[in-house]
Amino acid sequence: PTECFLSQSEEKQESTIKAKRRKKKKISDILEKSAPKPGVPADLQNLLSQHFSENRSVIEIEELKLSDSCFLPANDLTHSFSSYLKEICPKWAKLRKNHKEKKSVVMLVICSSALRSLELIKSMTAFKGDCKILKLFAKHIKIKEQMSMLEKGVFHIGVGTPGRVKALVEQDGLCLNSTRYMILDWNWRDQKLRRMMDIPEVLCEHLYILD
């Protein structure tokens with residue numbers, strides 16, 4: 001009877017532990033209940049301050065702050081991607097025509113994955129015209145190939161992930177001095193309902209680019 005009692009107690013403990021594990025909330029559970037909303041400058045400013053607060057002085061953090069004039073209106077979630085770009089960049093045709101520099105792009109679009117990059121490229125058809133777009137992600141594309149293309153040709157738009165953009169900048173394959181627009185795919189969520197800013201490794205690489 002004693003052995004039987006102990007066995008039942010252990011089983012109950014195991015079932016209790018499993019129940020607790022099941023009840024542990026995941027980020028997807030939290031995000032599922034939150035409605036999507038347009039990003040605002042304060043969202044990005046707060047991320048910069050939080051990320052660099054541990055290894056930067058107060059003065060250095062103040063220098064990282066961007067003025068409101070650096071930000072364009074966010075997509076209010078009623079626009080398609082092309083119509084939004086047309087609204088924030090009405091003189092795109094002129095900018096595209098005047099851009100002659102290699103190893104650079106006029107517009108840089110940053111998102112969380114290669115698949116999402118391809119989706120955005122397809123949805124830009126009505127906006128891009130005859131400009132050249134370069135895929136800036138790692139999936140099936142070697143970084144040396146991208147560096148070679150940037151060095152030899154003139155590209156107007158780059159669409160890719162923070163990790164590959166960071167690597168290109170570090171290896172002097174991509175220069176951001178000519179970049180006039182940086183578009184962040186802020187509201188899109190993956191299958192786990194995570195935004196780009198909810199993925200720690202993607203967030204760190206993204207903030208590196210802004211730094």
Side-chain angles (χ1 to χ4, degrees), residues 39 41 43-45 47-48 51 64 66-67 69-75 79-139 141 143 145-188 195-197 199 201-211:
D43 294 331
L44 185 59
Q45 300 280 28
L47 281 177
L48 283 167
H51 182 74
L64 285 174
L66 302 170
S67 65
S69 61
C70 294
F71 295 89
L72 292 166
N75 188 344
H79 285 281
S80 67
F81 192 41
S82 279
S83 66
Y84 170 67
L85 293 178
K86 286 180 179 179
E87 181 175 296
I88 65 170
C89 188
K91 298 182 179 179
W92 174 249
K94 185 177 180 180
L95 286 173
R96 181 184 73 218
K97 185 178 180 180
N98 293 338
H99 180 61
K100 307 292 183 184
E101 294 183 38
K102 297 178 181 179
K103 296 176 66 174
S104 66
V105 292
V106 181
M107 180 180 290
L108 182 60
V109 182
I110 299 180
C111 50
S112 59
S113 69
L115 289 176
R116 179 57 177 168
S117 299
L118 294 174
E119 287 180 12
L120 290 177
I121 290 171
K122 289 180 181 178
S123 65
M124 296 173 70
T125 304
F127 168 78
K128 68 183 183 64
D130 60 353
C131 73
K132 290 185 177 181
I133 298 180
L134 184 61
K135 301 170 186 174
L136 301 176
F137 50 77
K139 193 171 185 178
I141 307 176
I143 191 169
E145 293 177 15
Q146 292 167 332
M147 292 177 69
S148 177
M149 293 174 73
L150 282 163
E151 191 171 356
K152 295 177 181 178
V154 175
F155 291 88
H156 307 90
I157 302 175
V159 183
T161 56
R164 180 47 59 93
V165 173
K166 174 187 174 183
L168 286 166
V169 171
E170 287 180 332
Q171 297 184 37
D172 197 30
L174 176 65
C175 178
L176 301 179
N177 291 339
S178 300
T179 302
R180 299 286 298 276
Y181 295 88
M182 183 179 289
I183 311 296
L184 308 180
D185 189 26
W186 192 272
N187 291 298
W188 183 81
R195 302 168 304 167
M196 177 168 59
M197 301 306 172
I199 306 172
E201 58 271 21
V202 173
L203 173 61
C204 291
E205 291 164 344
H206 165 74
L207 291 177
Y208 166 88
I209 297 167
L210 291 175
D211 186 29

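Values reported hereafter were calculated over all heavy atoms of this structure, with side chains retained and with hydrogens, waters and symmetry mates removed. As the structure is a prediction and not an experimental result, all values here were calculated from the model.
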Side chain S82, main chain S123, donor-acceptor under 3.5 Å: yes
Test item: Q146 side-chain N/O and V165 main-chain N/O as donor-acceptor pair under 3.5 Å: no
Candidates L85, L120, D185 - the one meeting side-chain contact (heavy atoms from CB on, under 4.5 Å) with V109: L120
Residue that, paired with Y181, satisfies side-chain contact (heavy atoms from CB on, under 4.5 Å) out of L95, V105, L108: L95
side-chain contact (heavy atoms from CB on, under 4.5 Å) between V106 and R96, intermediate numbers included: CA-CA 8 Å; V106 181; R96 181 184 73 218; over 6 Å; no
Less than 4.5 Å apart, any side-chain heavy atom of [X] and any of [Y]?
X    : Y    : value
C131 : I157 : yes
M124 : V159 : yes
F155 : L136 : no

Over all atoms of both residues, closest heavy-atom pair of S117 and G160: OG-CA, 3.5 Å
Atom of P162, atom of M196 and distance for their closest heavy-atom approach: CG-SD, 4.3 Å
Straight-line distance of S104 OG to R180 CZ, nearest 0.5 Å: 12.0 Å
Reported NZ-to-CZ distance for the pair K128 and F81, which is rounded to 0.5 angstrom: 13.0 Å
From CA spacing to verdict: side-chain contact (heavy atoms from CB on, under 4.5 Å), S113, K139: CA-CA 9 Å; S113 69; K139 193 171 185 178; over 6 Å; no
Candidate pair W186 and R195, rule side-chain contact (heavy atoms from CB on, under 4.5 Å), full reasoning: CA-CA 7 Å; W186 192 272; R195 302 168 304 167; 3.7 Å; yes
K132 NZ: over 12 foreign heavy atoms closer than 6.0 Å: no
Side chain to side chain donor-acceptor pair (under 3.5 Å) between S67 and S69, worked out: CA-CA 5 Å; S67 65; S69 61; 2.8 Å; yes
Aromatic ring pairing H79/Y84, orientation class (parallel under 30°, perpendicular over 60°, tilted between): tilted
Criterion side-chain contact (heavy atoms from CB on, under 4.5 Å) on R116 and T161, from CA distance to verdict: CA-CA 9 Å; R116 179 57 177 168; T161 56; over 6 Å; no
